[in-house]
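One structure is given below, encoded as structure tokens.
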Amino acid sequence: MARARIIQKARQRYVMVPVIDPETGKQKEVPVTDLDGRPKLTRRGSRPIMRKLTVADKSQPLPLRKCEQCSKDLELGKPFRVISIRRQIGGYSRYRCTECPTWQPHEITSALWARIMQLQTEQGVDGSGWEDESEAEDAAEQVAAAIEELRDDKQESLDNMPEGLRDASELNEQVDQLTDWAETVRSSYSDASWTFPEGICENCQGEQLECSVHEDHSDDPDAENYCDGTEECLECNGSNEGEYRDEEEMEAWRQEAADAINEALNNSPL
Ligand SMILES: [Zn+2]
Ligand SMILES: [Zn+2]
Ligand SMILES: [Zn+2]
């Protein structure tokens, strides 16, 4: 795979123009040589491969290159990043400033392993703000959907293959594995061992309130200050039910729920 490099000093670039042979009036050509200086021959070996000569025209400076990420000019004399992508025919280079991050594998290859790495780095969930069970469920659903998007890409490639090749393609297995993986992530939520903390009444926090009326009460039913020592919570009428959840229990739930989803995400079957 292509390797990114840092060039220490950006130099001024110029328009390249053909070198004209004054004798013929045509562009000069020189033979292409191998490492030993011998001329390279065409595949049939009938004639040497020629290269047309060009030269930088100092009267035509080119504009500065720009960082593909932040669009800032790559200033002369300053370092910049470059990566050369080879294709079956030709290739091209991409440029970035040194303040922007270097290329991630998935940015320069469409290989499946790079797409999976991308999913795993970009889709990891953070449960720190979750207040409700549905938020964990939504997060798992979102990760599963991202995996299914990749699955759909593979399915499309499979559908586009000539019929005779389709059955034997490794894409079949990849589609199945991606489908299973998405399902595992989706159910990681419900399969996890944790439970969402039960809601209790914020006022009494599930405890029986003590009587606050009497300084001292009596357990004699005939006494004026008769009282069993308890008081009904006015918020929940003694049911102890409510929306309040213990923050420590919530924190443990968030952690475990997020861990379960991330673990399913990181355990790719491919
Ligand atoms: Zn940049
Ligand atoms: Zn209460
Ligand atoms: Zn009392």
Side-chain angles (χ1 to χ4, degrees), residues 1-15 61-87 90-111 114-115 117-124 130-134 194-254:
M1 199 173 64
R3 281 249 315 270
R5 288 171 297 145
I6 291 185
I7 305 292
Q8 288 307 328
K9 284 182 179 174
R11 296 194 312 184
Q12 179 62 55
R13 297 175 309 124
Y14 300 94
V15 174
L62 286 167
L64 296 177
R65 282 196 175 108
K66 287 185 190 305
C67 168
E68 63 169 27
Q69 192 86 348
C70 67
S71 305
K72 279 195 205 126
D73 284 336
L74 301 175
E75 304 281 356
L76 297 181
K78 299 276 173 59
F80 63 97
R81 300 181 192 281
V82 59
I83 192 162
S84 298
I85 316 279
R86 277 175 229 290
R87 290 282 175 261
Y92 58 96
S93 294
R94 293 167 58 177
Y95 304 90
R96 281 185 188 179
C97 72
T98 48
E99 270 129 63
C100 285
T102 189
W103 291 267
Q104 294 291 310
H106 68 86
E107 295 178 301
I108 48 173
T109 169
S110 56
R115 295 282 302 273
M117 257 182 71
Q118 177 190 15
L119 279 175
Q120 289 172 333
T121 41
E122 289 179 0
Q123 298 292 329
W130 293 345
E131 293 298 338
D132 193 84
E133 241 180 331
S134 65
W194 46 264
T195 45
F196 188 64
E198 221 174 296
I200 51 174
C201 167
E202 181 161 25
N203 186 48
C204 62
Q205 305 207 352
E207 305 285 337
Q208 174 66 60
L209 296 181
E210 270 177 55
C211 162
S212 63
V213 176
H214 304 99
E215 285 206 357
D216 65 322
H217 29 245
S218 162
D219 50 13
D220 174 1
D222 298 327
E224 204 175 311
N225 58 349
Y226 168 75
C227 172
D228 71 356
T230 68
E231 185 173 278
E232 191 160 87
C233 169
L234 294 175
E235 294 285 321
C236 64
N237 298 321
S239 71
N240 299 336
E241 286 163 12
E243 292 300 305
Y244 174 78
R245 288 180 172 83
D246 180 74
E247 191 43 40
E248 234 170 82
E249 282 178 35
M250 279 297 283
E251 200 40 51
W253 165 75
R254 289 184 190 112

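Just follow the structure's listing: the first ligand is 1, and inside any ligand the first atom is 1.
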Original post:
Please walk me through it: do Glu247 and Arg254 pass salt bridge (Lys or Arg N to Asp or Glu O under 4.0 Å)?
Top reply: CA-CA 10 Å; Glu247 191 43 40; Arg254 289 184 190 112; 3.0 Å; yes
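Thr121 contributes a side-chain N or O that, together with a main-chain N or O of Gln118, makes up a donor-acceptor pair within less than 3.5 Å. Between the side chain of Glu235 and the backbone N or O of Asn240 there is no donor-acceptor pair closer than 3.5 Å. The main-chain N or O of Cys100 is found under 3.5 Å from a side-chain atom of Arg81 such that the two form a donor-acceptor pair.
Between His217 atom ND1 and Cys227 atom SG, the angle centred on the Zn ion (ligand 3) amounts to 110° (nearest 10°). Rounding to 10 degrees gives 110° for the angle at the Zn ion (ligand 1) between SG of Cys100 and SG of Cys67. Considering the Zn ion (ligand 1) as centre, the angle to SG of Cys70 and to SG of Cys97 is 110° (10° rounding). Around the Zn ion (ligand 2), the angle linking Cys233 (SG) with Cys201 (SG) is 110°, rounded to 10 degrees.
Looking at His214 and the Zn ion (ligand 3) together, the shortest N, O or S contact belongs to ND1.
Using cut-offs of 30° and 60° on the angle between ring planes, the pair Trp253 and Phe196 is perpendicular.
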